[in-house]
Protein chains: 2
Amino acid sequence: MANEMKKPDPYQLSQQIGYNLRRANQRHVAIFAKHVDGLTPTQFAVLARLWECGALSQNKLGRLTAMDSATIKGVVERLRAKGLVHSSADQNDQRLRLVDLTQAGRAAFEIALDQALAARTETVERLTPDEIVAFEALLAKLI
Amino acid sequence: MANEMKKPDPYQLSQQIGYNLRRANQRHVAIFAKHVDGLTPTQFAVLARLWECGALSQNKLGRLTAMDSATIKGVVERLRAKGLVHSSADQNDQRLRLVDLTQAGRAAFEIALDQALAARTETVERLTPDEIVAFEALLAKLI
DNA sequence: CAACATCTGCTTGTATACGAACAAATCTGC
DNA sequence: GCAGATTTGTTCGTATACAAGCAGATGTTG
């Protein structure tokens with residue numbers, strides 16, 4: 001028979017969704033770093049969430065920015081070291097550390113916002129407007 | 001005038017492509033860890049590339065798996081500690097460390113391959129077949 | 001052949017990212 | 001009101017991820 005030989009495995013790493021999600025994220029992080037001064041994407045996410053919601057406990061802030069408690073601790077600490085954020089004890093619940101933007105944090109976010117939007121534009125520059133809409137919808141459905 | 005008041009900034013972190021790329025990647029990494037025993041997605045990517053290409057220098061292996069030289073060093077070291085990979089000096093070029101699968105590495109990849117495909121299935125479970133095709137195409141265009 | 005540039009792999013430093021274990025504070029059920 | 005469960009924040013260990021700088025090997029060009 002002609003088909004007796006086992007064909008070689010056609011597994012192609014470059015076509016795997018997981019691998020390409022990782023690469024897409026790497027690319028966006030690099031573009032973000034190029035556009036936004038002094039803030040990583042995760043640090044920017046924390047500022048954005050505080051801008052949206054106001055003061056939040058550290059753990060809740062982590063949940064709203066997709067970071068576990070060990071990760072958000074480091075991010076808040078680095079933002080605190082830059083003076084963009086301050087934290088204080090909650091009077092009603094002694095466990096909570098309320099995190100909030102400082103004046104410098106608000107100013108930094110306003111500057112970074114335009115830069116982050118420019119980064120987003122470069123990230124999707126190879127897609128048409130229709131493709132961007134479609135990609136955003138599929139990405140949201142995937143999460 | 002009715003519109004004299006400045007409207008509050010409508011910036012929504014949860015709708016940003018960069019933030020959602022990070023979350024999609026986080027989700028896939030978690031699903032991958034649930035399905036695949038003893039290998040991270042990056043470690044699996046290294047095994048897959050060696051399976052595809054055969055022995056490669058460490059730096060070239062890094063380029064073909066989207067890791068810089070500092071990152072690939074650690075990944076190879078951990079795979080070497082598990083006995084899945086070995087490295088040897090290239091006779092023609094004293095700079096190169098040729099990395100290749102061991103027998104155990106080949107066996108581990110064959111087992112992990114099915115698990116990785118199951119992880120991929122769960123990652124895209126909320127998309128229809130047509131949406132999966134569309135998403136893969138847009139993701140490839142984005143990178 | 002000698003000066004120069006490039007490539008390879010390594011190290012350090014910084015920044016996510018998460019699991020696991022822990023103590024203190026709070027809440028819940030009885 | 002009190003024992004048990006939960007929540008919060010911390011620490012430790014492990015694993016990417018990348019910039020910058022380094023030394024040794026190789027390639028290139030005059």
Side-chain angles (χ1 to χ4, degrees), chain A residues 18-19 21-34 36-47 55-82 84 87-99, chain B residues 18-19 21-34 36-47 55-82 84 87-99:
Chain A
Y19 178 63
L21 278 175
R22 172 169 150 263
R23 289 209 295 152
N25 190 50
Q26 281 179 344
R27 176 165 176 270
H28 174 260
V29 170
I31 292 171
F32 191 95
K34 207 173 57 179
V36 183
D37 294 330
L39 288 176
T40 65
T42 54
Q43 291 168 7
F44 176 78
V46 166
L47 298 188
L56 292 167
S57 79
Q58 187 171 289
N59 271 15
K60 181 155 194 179
L61 179 58
R63 284 194 294 274
L64 291 175
T65 50
M67 303 176 212
D68 76 352
S69 60
T71 301
I72 191 66
K73 183 200 185 316
V75 177
V76 166
E77 169 55 30
R78 284 181 282 277
L79 288 172
R80 210 186 49 69
K82 293 181 197 181
L84 305 182
S87 64
S88 54
D90 183 308
Q91 292 308 319
N92 294 35
D93 190 335
Q94 299 290 127
R95 296 170 301 182
L96 274 51
R97 301 281 308 164
L98 286 183
V99 182
Chain B
Y19 178 63
L21 277 175
R22 170 169 151 263
R23 290 210 294 153
N25 190 51
Q26 281 179 344
R27 177 165 175 270
H28 174 260
V29 170
I31 292 171
F32 191 95
K34 206 173 58 179
V36 183
D37 294 330
L39 288 176
T40 64
T42 54
Q43 291 168 7
F44 176 78
V46 166
L47 298 188
L56 292 167
S57 80
Q58 189 169 290
N59 271 15
K60 181 155 195 179
L61 179 58
R63 285 193 294 273
L64 291 175
T65 49
M67 303 174 211
D68 74 353
S69 61
T71 301
I72 191 66
K73 185 205 184 312
V75 177
V76 166
E77 170 54 30
R78 284 181 282 277
L79 288 172
R80 209 187 50 68
K82 294 181 197 181
L84 305 182
S87 64
S88 54
D90 184 308
Q91 293 307 320
N92 294 36
D93 189 336
Q94 300 289 127
R95 297 169 300 181
L96 304 184
R97 301 282 307 164
L98 286 183
V99 182

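Each chain gets a letter, A, B and so on, in the order the sequences are listed, and its residues count up from 1.
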Round to the nearest Å and state the distance from [X] atom [atom1] to [N] atom [atom2].
X       : N      : atom1 : atom2 : value
A:Arg80 : D:dG9  : CZ    : P     : 15 Å
A:Gln26 : D:dA19 : CD    : P     : 10 Å
B:Arg97 : D:dA25 : CZ    : P     : 14 Å
B:Leu79 : D:dA15 : CG    : C1'   : 12 Å
A:Leu21 : D:dA17 : CG    : P     : 12 Å
A:Leu56 : D:dG9  : CG    : P     : 11 Å
B:Asn25 : D:dA17 : CG    : P     : 8 Å
B:Leu39 : D:dA15 : CG    : C1'   : 13 Å

Contact class for [X] vs. all strands (heavy atom < 4.0 Å): base, sugar-phosphate, or nothing?
X       : result
B:Val75 : sugar-phosphate
A:Asp68 : base
A:Thr71 : base

For B:Ala70 and for A:Asn92, find the nucleotide of DNA chain C with the closest heavy atom, then tell me which residue's nucleotide is more 5'. B:Ala70
Heavy-atom nearest nucleotide on DNA chain C taken for A:Gln43 and for B:Arg63; more 5' hit belongs to B:Arg63
Is the backbone N or O of A:Ala66 less than 3.5 Å from a side-chain atom of B:Gln26, with the two atoms forming a donor-acceptor pair by type? yes
Looking at A:Pro41, is its backbone amide N or carbonyl O close enough to the side chain of B:Arg22 to form a donor-acceptor pair, meaning the two atoms are under 3.5 Å apart? no
Side chain of [X] only, please: which of [options] is the nearest?
X       : options                : value
A:Asn59 : D:dT8, D:dC18, D:dT16  : D:dT8
B:Asp93 : D:dT10, D:dT16, D:dT26 : D:dT26
A:Gln58 : D:dG9, D:dT16, D:dA17  : D:dG9

Measure across B:Gly18 and A:His28 and return the closest heavy-atom pair with its distance rounded to 0.1 Å. CA-CE1, 3.3 Å
Given side chains that start at C-beta, do those of [X] and [Y] come closer than 4.5 Å, heavy atoms only?
X       : Y       : answer
B:Val46 : B:Met67 : yes
B:Leu61 : B:Val75 : no
B:Val99 : B:Leu79 : no

Hey, could you give me the OG/CZ distance between A:Ser88 and A:Arg97, rounded to the nearest 0.5 Å? 7.0 Å
When rounded to the nearest 0.5 angstrom, what is the spacing between CG in B:Asp68 and CZ in B:Arg63? 11.5 Å
Hey, which sits more toward the 5' end of DNA chain D by its nearest nucleotide, B:Gln91 or A:Lys60? A:Lys60
If you find the nucleotide of DNA chain D closest to A:Ser69 and the one closest to B:Lys82, which residue's nucleotide is nearer the 5' end? A:Ser69
Go through DNA chain C in 5' to 3' direction and return only the first and the last nucleotide with some atom under 4.0 Å of chain B's heavy atoms. C:dC7 to C:dC18
Would you say D:dT10 has OP1 or OP2 under 4.0 Å from some side-chain N or O of A:Arg95? no
D:dT16, OP1 or OP2 - any side-chain N/O from B:Thr40 closer than 4.0 Å? yes
